[in-house]
There are 2 protein chains.
Amino acid sequence: MLGKTTEYAIRALVYIYIQNMEGERPGFKEIAKMIDSPEQFTGKVLQNLARAELVSSMKGRGGGFFFNEPTNPITLFKVIEAIEGKEYFSKCGFGLKRCDANNPCPLHDDYAYVRDSFFKMVNEKTIQSLANKINKREATLNRL
Amino acid sequence: MLGKTTEYAIRALVYIYIQNMEGERPGFKEIAKMIDSPEQFTGKVLQNLARAELVSSMKGRGGGFFFNEPTNPITLFKVIEAIEGKEYFSKCGFGLKRCDANNPCPLHDDYAYVRDSFFKMVNEKTIQSLANKINKREATLNRL
DNA sequence: ATATAAAAAGACCTATATGTCTTTTTATAA
DNA sequence: TTATAAAAAGACATATAGGTCTTTTTATAT
Ligand code: FES
Ligand code: FES
């Protein structure tokens with residue numbers, strides 16, 4: 001459903017958050033290694049996330065990526081919106097120019113239910129909540 | 001969620017089915033006009049659907065696209081599978097190599113629910129059921 | 001038989017997503 | 001104040017999706 005770029009973004013932010021809790025500020029090379037993503041490309045993705053102010057970065061020795069306000073929850077929606085664009089959760093599943101409940105496509109009722117479930121989910125889940133699951137060993141960040 | 005190619009495919013098959021019920025065998029130029037899709041590209045997509053045996057075609061004068069067994073229901077899943085590939089509904093939403101409920105990613109429970117709802121939906125909906133909604137004027141095939 | 005109308009095929013093009021390599025900028029430590 | 005370690009930036013490179021154009025094949029009507 002989501003593009004690889006978005007997947008890298010979410011995994012990277014989760015890893016950064018976990019490391020921040022340990023007092024560390026990881027760099028993109030370390031991040032890429034830990035989340036199993038292409039190194040340079042992950043750097044680019046993190047640059048974009050920093051521009052979108054979803055994460056902060058410091059150049060120079062001792063620099064790396066970190067959250068300025070770790071208590072401010074970042075929903076997955078914010079990440080998806082920043083990378084896939086604002087329209088992601090409002091498009092018509094049948095491919096019409098717009099989704100319009102008052103003049104629906106034949107898929108509307110059922111598709112809108114699925115789409116809205118997804119939307120609700122990504123608004124509930126946050127980088128922090130995913131990181132906590134991993135810290136509690138209830139989930140894994142990567143796969144061998 | 002779905003690619004444009006898949007959207008064109010579904011709309012094209014629905015239109016073909018509707019026309020078949022009227023005793024017509026539309027060609028790809030007519031189809032493209034009616035579903036508002038690029039003409040030549042729609043031709044290519046229909047070629048692929050014909051190769052996948054989701055629709056039949058006849059060359060030559062009086063030819064066009066049609067269903068050999070209109071009573072044999074075609075689920076949207078069959079169309080998605082033919083175009084997006086077999087893996088579409090089994091991928092991990094967090095981007096791990098595989099989805100594995102026994103060693104889940106932190107998104108697994110919630111993502112799998114959404115993904116499986118979508119899967120269930122596309123297995124229930126058929127080209128025929130969508131076409132019937134349109135014929136009953138309960139839904140629209142296109143948008144001005 | 002021949003003309004015609006249609007899909008099939010093949011070569012090509014464009015845009016976007018994904019990914020790599022090299023150079024520049026900047027914060028810190030020594 | 002210089003060396004170093006880090007992100008930022010920019011120029012490429014590759015893959016895939018999406019799209020167009022031209023030629024070939026084939027079924028039918030005349
Ligand atoms: S009109 Fe198609 S999904 Fe709403
Ligand atoms: S393991 Fe990630 S969705 Fe199942």
Side-chain angles (χ1 to χ4, degrees), chain A residues 1-13 15-16 19-20 24-33 35-68 80 82-85 87-88 91 95, chain B residues 1-13 15-16 19-20 24-33 35-68 80 82-85 87-88 91 95:
Chain A
M1 312 261 221
L2 299 170
K4 290 193 194 193
T5 304
T6 306
E7 292 173 350
Y8 298 153
I10 293 171
R11 296 214 303 280
L13 292 177
Y15 180 72
I16 293 166
Q19 289 310 105
N20 282 187
E24 309 285 337
R25 264 194 293 200
F28 70 85
K29 294 179 186 179
E30 173 188 341
I31 295 167
K33 200 166 294 173
I35 69 170
D36 189 24
S37 63
E39 189 175 285
Q40 298 291 326
F41 188 64
T42 303
K44 292 287 183 190
V45 173
L46 285 166
Q47 266 180 49
N48 291 334
L49 294 174
R51 260 195 286 271
E53 300 188 73
L54 290 179
V55 72
S56 304
S57 66
M58 289 275 298
K59 284 188 185 183
R61 202 173 244 216
F65 292 88
F66 62 97
F67 295 100
N68 242 320
I80 294 168
I83 295 180
E84 309 265 356
E87 308 302 294
Y88 197 76
K91 288 199 281 215
Chain B
M1 313 260 224
L2 300 170
K4 290 191 192 192
T5 305
T6 306
E7 292 172 350
Y8 298 154
I10 294 173
R11 295 215 300 283
L13 293 176
Y15 180 71
I16 293 165
Q19 288 312 105
N20 281 187
E24 309 284 338
R25 267 198 296 207
F28 69 86
K29 293 178 188 182
E30 173 187 341
I31 296 168
K33 201 167 293 173
I35 69 171
D36 189 24
S37 63
E39 191 174 283
Q40 298 291 325
F41 189 64
T42 303
K44 290 287 182 190
V45 173
L46 285 166
Q47 267 181 49
N48 291 334
L49 294 174
R51 260 194 286 270
E53 299 189 74
L54 291 179
V55 72
S56 303
S57 67
M58 288 277 296
K59 283 189 187 183
R61 205 175 243 214
F65 291 89
F66 62 97
F67 295 99
N68 242 321
I80 295 168
I83 295 180
E84 310 265 356
E87 308 302 295
Y88 196 76
K91 287 199 283 218

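In what follows, every heavy atom counts, from backbone to side chain, and hydrogens, waters and symmetry copies are set aside. Note that the structure is predicted; figures quoted are calculated from it, not measured.
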Could you tell me how far apart [X] ([atom1]) and [N] ([atom2]) are, to the nearest whole angstrom?
X: A:L2; N: C:dT16; atom1: CG; atom2: C1'; value: 17 Å
X: B:I83; N: D:dG19; atom1: CD1; atom2: P; value: 13 Å
X: A:F28; N: C:dG19; atom1: CZ; atom2: P; value: 15 Å
X: A:Q40; N: C:dT24; atom1: CD; atom2: P; value: 16 Å
X: A:R51; N: D:dA7; atom1: CZ; atom2: C1'; value: 11 Å
X: A:I31; N: D:dA6; atom1: CD1; atom2: P; value: 12 Å
X: B:F41; N: C:dA8; atom1: CZ; atom2: P; value: 15 Å
X: A:E39; N: C:dT18; atom1: CD; atom2: P; value: 19 Å

Could you list the protein-to-nucleotides 28-30 of chain C atom pairs, N/O on both sides, closer than 3.5 Å?
| unit_1 | atom_1 | unit_2 | atom_2 | d |
| --- | --- | --- | --- | --- |
| C:dA29 | O4' | A:R61 | NH1 | 2.9 |

OP1 or OP2 of [N] less than 4.0 angstrom from a side-chain nitrogen or oxygen of [X], does that happen here?
X: A:S57; N: D:dA6; value: no
X: B:Y8; N: D:dG19; value: yes
X: A:T5; N: C:dA17; value: no

Distance-only donor-acceptor pairs under 3.5 Å for side chains of residues 42-58 of chain B, two or more places apart:
| unit_1 | atom_1 | unit_2 | atom_2 | d |
| --- | --- | --- | --- | --- |
| B:T42 | OG1 | B:S37 | OG | 2.6 |
| B:T42 | OG1 | B:P38 | O | 2.6 |
| B:N48 | OD1 | B:R51 | NH2 | 3.1 |
| B:S56 | OG | B:N68 | ND2 | 3.2 |

Flag the pair A:F41 / A:T5 as yes when at least one side-chain heavy-atom distance between them is below 4.5 Å, and no otherwise.
yes
Check whether any side-chain heavy atom of A:Y88 lies under 4.5 Å from a side-chain heavy atom of A:M1, and answer yes or no.
yes
Between the base of D:dA7 and the side chain of A:Q47, is there a donor-acceptor distance below 3.5 Å?
no
Counting distance alone, no hydrogens or angles: does the base of C:dG19 have a donor or acceptor under 3.5 Å from a partner atom on the side chain of A:K4?
no
Among C:dT20, D:dA8, D:dT20, the nucleotide that comes nearest once only the side chain of A:A50 is considered:
D:dA8
Using the side-chain heavy atoms of B:F65, tell me which of these nucleotides is nearest: D:dA7, C:dA8, D:dT20.
C:dA8
Mind checking if A:G64 touches a base, just sugar-phosphate, or nothing, with heavy atoms under 4.0 Å?
sugar-phosphate
Categorize B:K29 for me: base, sugar-phosphate, or nothing, with a 4.0 angstrom heavy-atom threshold over every strand shown.
nothing
Going from NZ on A:K91 to CG on B:L2, what distance comes out if it is rounded to the nearest 0.5 angstrom?
10.5 Å
Looking only at heavy atoms, the pair that brings A:F67 and A:N20 closest together is N-OD1, 2.9 Å
Check A:I31 against A:F65 and note the closest heavy-atom contact, atom names and distance.
CD1-CD1, 4.0 Å
Under the side-chain contact (heavy atoms from CB on, under 4.5 Å) test against B:E30, which residue among B:R25, B:E39, B:Q19, B:E24 passes?
B:Q19
